[in-house]
2 protein chains.
Amino acid sequence: MPKQKRDAEATKAKIIKNAMILFSQNGYDATTADDIATACGVNKAMIFYYYKNKAGLYEAVMSEALSAIHTEVITSEKCCVSPLADLEAFIRTYASYCEQNPYLPSLLLRELSNSGTHLPEMMFSSMRQLFTLLSEILTAGQKQGIFQNAQPMIIYFMIVGTMNLMITTKPLRLKAAQLQEELDTCSDCSMEEIADYIFTKTKLMLEVKNETSTTCA
Amino acid sequence: MPKQKRDAEATKAKIIKNAMILFSQNGYDATTADDIATACGVNKAMIFYYYKNKAGLYEAVMSEALSAIHTEVITSEKCCVSPLADLEAFIRTYASYCEQNPYLPSLLLRELSNSGTHLPEMMFSSMRQLFTLLSEILTAGQKQGIFQNAQPMIIYFMIVGTMNLMITTKPLRLKAAQLQEELDTCSDCSMEEIADYIFTKTKLMLEVKNETSTTCA
DNA sequence: TCTATAATTAACTCACCAGTTAGTTAATTA
DNA sequence: TAATTAACTAACTGGTGAGTTAATTATAGA
């Protein structure tokens, strides 16, 4: 069954994949069904055949992207027991996932900048779950007296929002750095370095006493 | 001259104002020239008469919004001499400006999530200037040994990006808090409180030794 | 091998929207 | 006050994009 002339799953996947890329590059409105169809060498009608309408496709795309990252963070986050280690795992996993799937950040930011006006319920709850996760890590740490004065929402945006922005603005930052040499836009920072820096700064923000080695297995 | 039947400046201003609101609420593509025209009770043709095309109008809107915030931050930032006071002024001014002009954050975020694909040159340089400002404050502080290990780009996003996100997500955060009571989404934090919190955390991040009163005149 | 069904396609429709145009009315100036 | 210009309008156009439809082809099961 390696190659078939007809393979529903394969075409569905092709559509999702290309739609994700195009949506994240050009936004929802500026991406046409024809664009997506030609991008994956599939007849436009197939999009409507499988996903009913454009909004349905969009929802499917976001669902895919969000559930993927959610399980990734959830599963890898179990690695250690201390809140500090969990925090580190959270940041690192999110960073590495986003690096491998650079479409997600711009999709998320766009959605947030819409203030979720047309945000489908599923997406909303998925985003909430990710926040809840960090929120729980923070309250746990606070109860154990490891973290001080953690407003979860603001901390969440300082971590996740900043990583999202660093990814989506990469080309912009490069351009700015070329135009104005004395400007340090972190234009060739790797995502790992960024995650590292953010983790260090988050520890300072939360006034974590002292590093009793936090590296995971 | 209080009321004229014809007032070019007034209609131009009306168009900009309503366009700004609609663009920030619905995005560029989803906002039609007809929408804007009816919103300000002006004939659609006037939009093209004054701004040539939709892109021209958009550029004018962004130019307006950005130059306003830029001068606001620039002028009020002069208040003190120390980098720490300047940092505080930067954060506070940005916060209060955004609160009064809640359109800007969503416009900015949308633009950033586009990775500046259609970003007009003027806007790009305007955004750069704001970043340059913070960048200079940080390097000054670092030279004086007040700030430690400041990566300007990341710090910038942790401050400005977070404030932008807190503003645009306000309705979303409210909804999430209502659905899930135990979740603290900072849903009734004022912008002042948020700015305060961010400033406090930024000081920790930059390892500022100790507060020798930073309030401005 | 025949048949039912799922996958796929080309060629449409219809609504909507950016931008135009030709003409009208108010203000300005000579 | 006549003429010129600037502000404004109603009605149009052309293109585009979401979604449909009716027909066609592959595939699996009996």
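To find a chain, count down the sequence lines: A is the first, B the second, and so on, and within it residues start at 1.
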Base, sugar-phosphate alone, or nothing: which one does B/Y51 contact when heavy atoms must sit under 4.0 Å apart? nothing

Any side-chain N or O of A/Y49 under 4.0 Å from OP1/OP2 of C/dA7? yes

To the nearest angstrom, the CG-C1' distance between B/D7 and C/dA27 comes to 12 Å

To the nearest angstrom, the CZ-C1' distance between B/F48 and D/dC8 comes to 15 Å

Quick one: on DNA chain C, does B/K54 or B/R6 contact a more 5' nucleotide (nearest heavy atom)? B/K54

Spacing between A/D29 atom CG and C/dC16 atom C1', to the nearest angstrom: 13 Å

Using atom NZ of A/K44 as one end and atom P of C/dT8 as the other, report the distance to the nearest whole Å. 17 Å

Students often get this wrong, so: under 4.0 angstrom with heavy atoms, is A/N43 touching a base, only sugar-phosphate, or nothing? base

Minimum side-chain heavy-atom gap A/E99-A/I167 below 4.5 Å: no

Report yes if at least one side-chain N or O of A/T32 is closer than 4.0 Å to OP1 or OP2 of D/dT16; otherwise report no. no

Between D/dC8 and B/T11, is there an OP1 or OP2 to side-chain N/O distance shorter than 4.0 Å? yes

Using Watson-Crick or G-U wobble geometry with both distances under 3.5 Å, which nucleotide pairs with C/dA30? D/dT1

Does any N or O in the side chain of A/D35 come within less than 3.5 Å of the main-chain N or O of A/T31, such that one atom is a donor and the other an acceptor? no

B/A45 near the nucleic acid: base, sugar-phosphate alone, or nothing, with a heavy-atom cut-off under 4.0 Å? base

Rounded to whole Å, the CE-C1' distance (A/M46 to D/dT21) equals 15 Å

Starting from P on D/dA10, measure out to CG on B/D34 and report it in whole angstrom. 13 Å

Are A/N53 and A/Y58 close enough that a side-chain donor and a side-chain acceptor fall under 3.5 Å? no

Nearest whole angstrom, please: distance from the P of D/dA18 to the OH of A/Y50. 20 Å

Using whole Å, report how far NZ of A/K52 lies from C1' of D/dA18. 15 Å

Return the minimal non-hydrogen interatomic distance between A/L84 and A/K203, and the atom names on each side. CD1-CG, 3.9 Å

From the list B/L107, B/L104, B/L112, B/L108, side chain to side chain contact (heavy atoms under 4.5 Å, CB included) partner of B/N164 resolves to B/L108

Partner of C/dT25 under the Watson-Crick or G-U wobble criteria, both distances under 3.5 Å, comes out as D/dA6

